[in-house]
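Every value quoted in this text rests on a predicted model; they were computed, and no experiment measured them. This chain uses plain numbering: 1 for the first residue, then up along the sequence.
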Amino acid sequence: DLNRRSNLFKSATEVYEQAINCPVGGEVGKIWMEYLRFLEERGRPRTAQKLYLRALVGGIDDDGPSVKDVADQNLLWSEFLRMMQTLRKNPELTLEDLKSAVENERGGAQVDSTTTTMQPDAATSTTDSSASDAVEQRPAKRSRWDKKTPEQTETISAGSIDTAASVLFATSKNMPPEVETLWHARDGGSMPCKPEPALFSASPPKLGDPSGKDLVGIETALKLLQMLTSKTHDGKSLGSALLELCHACWMMTALKEEEAVKAKEALEKKISNDTEALESNLATRASVAGGAMAAVQQANEQERNQFMMQCAVQREQLLAFSAWEFRKLLYTQQIILSSAKLPYFDGPSVDSASITAQAKVCSILHSAFYLRDRVGEGNHVNMLTKQLETLQKIASTAIKTEPIQQQYQMQLQQQQQMQYQQPPPNFPPPPPMPPQMFQQPQQMTGYYGQQMH
């Protein structure tokens, strides 16, 4: 949208193209809708028809519709019908006729022939034909988010990450209903609140160990270090690209925090001004009350209490709105970082334990991009490489000693089981007690030989 508002149509087209080719954003109907409206505004209905068919029916490879959600498909079909009614100047064209024409035209043909026959010759605008032809002939950009491991993402750049992050940030307005339902279930009957803990804090955390093994364990710390120290075949750092992505997510949090603070300040300022105006009106009313002063004071008090209740409701509404905005932000960040294949990130989640684990990973990455910015990429990578070697030695030692410990524990358990299962020892019976032990005891005598009674 920023590129669009700045009349940077070429850049906006590139952003939209990369968005619809993204495995995550390519299934979001809102992104397709924004792109199609953009094309209609630019007078490019031919390209818009191709994209409508690609989103609703499938491309040349017959890989099925790009938009999977039924509600989004219905909305796109409605917009497609409206556009075709306008192009053909036939408002009586029905959705069934349009779908039938699409099926008949497709048959075994490709999408290009379909759109050619459906598009009137005089409908295409010639105001920007050269620009549109250049864009249409440009091959679709291959998404860089479908890489499986950091070693394979050799085409990642900071610019592509910023573009993809901006596109995925727009998807936060379309939080899936199932995720909203999970948040409602978590709230119960209470007011919604911000997700805690936040993935990124305002200032970088203080880590005693830069590897973060004290927070996430040796195995997860090893994965993070391998991602931060990996390089491409030409020696470029993939870790820097990952840290740029995390820095963008941190900036999202900072901007959202700033928006929340400004919204709260604006509301409090409005309430303060409204309070002054109310008190002035109430004072004016009381000054002309005359003999009805008691009734006027009672009415003023009721109006004042009602105003205070309205202020409380406005504050609660702002808090609830802010909480949902931060939940949308969390959803967006989880999608972005899940696309980067970070540990503990596997799509959106509202579980407290999952969010806590994700926040620990983000705190390590927050410390990493802050430290890399201070000491430089080379020094930071060298330090992380030494940390990686140390952790690998610790992990290999733990793997070697683990079977010995398991064997010792098994032997100890077996010994304990044998002790419980072993019958009691067969000792000989004790000898009988001597007969003198059964004689009557003698009467005790006191001092000087006197008998005690």
Side-chain angles (χ1 to χ4, degrees), residues 144-145 147-166 168-169 197-255 257 333-334 336-345 356-399:
R144 297 180 176 124
W145 292 84
K147 301 298 181 182
K148 300 300 180 183
T149 59
E151 289 77 6
Q152 297 176 352
T153 55
E154 297 182 355
T155 58
I156 285 182
S157 64
S160 66
I161 288 177
D162 290 340
T163 301
S166 63
L168 289 177
F169 180 68
L199 296 186
F200 293 93
S201 57
S203 57
K206 298 180 180 179
L207 299 181
D209 184 4
S211 66
K213 69 177 186 298
D214 297 336
L215 287 176
V216 296
I218 295 178
E219 183 178 357
T220 304
L222 277 174
K223 292 180 181 179
L224 291 175
L225 288 176
Q226 290 170 355
M227 297 177 73
L228 293 176
T229 57
S230 59
K231 297 182 178 180
T232 60
H233 65 281
D234 54 352
K236 294 182 179 179
S237 174
L238 291 175
S240 295
L242 177 61
L243 293 181
E244 286 292 333
L245 178 63
C246 295
H247 184 267
C249 292
W250 174 77
M251 284 295 298
M252 292 179 186
T253 305
L255 292 174
E257 291 284 356
Q333 292 174 336
Q334 287 176 335
I336 295 174
L337 299 178
S338 297
S339 301
K341 306 300 181 183
L342 286 178
Y344 296 116
F345 283 90
T356 301
Q358 293 171 357
K360 291 180 179 179
V361 172
C362 291
S363 65
I364 297 173
L365 296 174
H366 188 179
S367 174
F369 72 70
Y370 172 78
L371 187 59
R372 181 165 297 195
D373 183 65
R374 291 198 63 180
V375 302
E377 179 180 323
N379 294 331
H380 187 241
V381 170
N382 292 335
M383 184 272 293
L384 292 181
T385 303
K386 293 181 180 179
Q387 292 286 331
L388 178 60
E389 294 174 354
T390 303
L391 280 187
Q392 288 175 341
K393 292 179 181 179
I394 295 175
S396 60
T397 304
I399 294 175

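Results of the side-chain contact (heavy atoms from CB on, under 4.5 Å) test with L228 over I364, L365, L238 single out L365 as the only residue that passes.
Taking every heavy atom of both residues into account, A340 and L242 meet most closely at CB-CD1, 4.0 Å. Nearest heavy-atom pair across Y344 and V216 is OH-O, 3.9 Å. Scanning all heavy atoms of the two residues, the minimum distance from C249 to Q333 falls at O-NE2, 2.9 Å. For the residue pair A359 and A198, the shortest heavy atom distance occurs at CB-O, 3.7 Å.
Rounding to the nearest 0.5 Å gives a distance of 5.5 Å between CG of L337 and CG of L245. The SG atom of C362 sits 12.5 Å away from atom NZ of K360, with the distance rounded to the nearest 0.5 Å. Note that CE of M383 is 8.5 Å distant from CG of L225, once rounded to the nearest 0.5 Å. To the nearest 0.5 Å, atom CD of residue Q387 and atom CG of residue L222 are 11.0 Å apart. Note: L391 CG to D209 CG = 7.0 Å, rounded to the nearest 0.5 Å. Interatomic distance, CE of M227 versus NZ of K341, reported as 10.0 Å (0.5 Å rounding).
Environment of CD in E219: sparse, with no more than 12 heavy atoms of neighbouring residues, nucleotides or ligands closer than 6.0 Å.
Counting heavy atoms from C-beta on, the side chains of L215 and S363 come closer than 4.5 Å. Between L342 and L224, some side-chain heavy-atom pair lies under the 4.5 Å cut-off. Taking the side chain as every heavy atom from C-beta outward, W250 and P204 never approach each other to under 4.5 Å.
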- request: Start with the C-alpha gap between R372 and S237, add the side-chain angles, then the distance that decides, and say whether side chain to side chain contact (heavy atoms under 4.5 Å, CB included) holds.
  value: CA-CA 12 Å; R372 181 165 297 195; S237 174; 3.6 Å; yes
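Note on ring orientation: taking the six-membered ring where Trp is involved, the planes of F369 and H366 are parallel (angle under 30°, cut-offs 30° and 60°).
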